[in-house]
Amino acid sequence: MTVSPKAEQALQEAMERLLSGKPNRTDGALTKNNLWREAGVSRATMNRATSVLAEWDSRVDESPATALDRRRREELSEVRGKLRKSRQECRQLQDQVDAAATVIAALLAENAAFREQLAKRSALVIPLDRAHTIRE
């Protein structure tokens with residue numbers, strides 16, 4: 001069984017749109033599901049168009065849309081790596097901030113204790129015994 005010339009032409013035009021990255025009816029992903037949807041034919045009709053499918057298979061890996069998709073995936077992978085590294089750095093910085101806050105709290109408590117101790121000492125008057133002082 002073959003397909004009508006009209007269906008084959010629709011599939012060819014859909015293939016060109018998808019491979020050039022300019023779809024009309026789909027998200028542009030280079031899949032056979034998108035091919036028959038973009039062409040406006042049934043899946044069964046597409047499956048009978050063996051010459052179109054053979055051409056699709058041979059061209060899909062070489063298309064500008066595939067190259068663009070590949071570059072996007074590489075960029076996405078790079079961005080994800082940078083995000084992972086940034087999150088790790090953020091966690092390390094947060095750990096440092098938490099440690100500094102703990103030290104600051106300890107120093108504030110120690111400082112308050114010293115101030116209290118100093119206040120108690122300065123209020124204490126110790127009389128000097130003049131009888132026991134050494135005269136020259």
How close do [X] and [Y] get, heavy atom to heavy atom, and via which atoms?
X	Y	value
Leu35	Leu53	CD2-CD2, 4.3 Å
Val41	Met46	CG2-N, 4.4 Å
Leu11	Trp36	CD2-CA, 4.4 Å
Thr45	Val3	O-CG1, 3.2 Å
Arg37	Thr26	CB-CG2, 3.9 Å

Roughly how far, to the nearest 0.5 Å, is [atom2] of [Y] from [atom1] of [X]?
X	Y	atom1	atom2	value
Arg87	Arg91	CZ	CZ	8.0 Å
Thr2	Glu8	OG1	CD	8.5 Å
Arg71	Leu76	CZ	CG	14.5 Å
Leu18	Lys32	CG	NZ	13.0 Å
Glu55	Leu19	CD	CG	8.5 Å
Ile104	Asn111	CD1	CG	12.5 Å

Exercise for the section: Return yes if some donor-acceptor pair links the side-chain N/O of Glu38 with the main-chain N/O of Arg25 below 3.5 Å, else return no. Expected result: yes
Problem - Whether Ser86 side chain and Lys82 backbone form a donor-acceptor pair below 3.5 Å - result: yes
Handout entry: With sequence neighbours excluded, residues passing salt bridge (charged side-chain N to carboxylate O under 4.0 Å, His left out) with Glu116
Key = Lys120
Handout entry: salt bridge (Lys or Arg N to Asp or Glu O under 4.0 Å) between Arg59 and Glu16, intermediate numbers included
Key = CA-CA 10 Å; Arg59 292 183 60 196; Glu16 293 304 322; 2.5 Å; yes
Practice task
Starting from the C-alpha separation in whole Å, work towards a yes-or-no answer on side chain to side chain donor-acceptor pair (under 3.5 Å) for Glu13 and Gln9.
Solution key: CA-CA 6 Å; Glu13 290 170 358; Gln9 180 181 354; 2.9 Å; yes
Handout entry: Pairing of Arg80 and Glu75 as salt bridge, 4.0 angstrom limit
Key = no
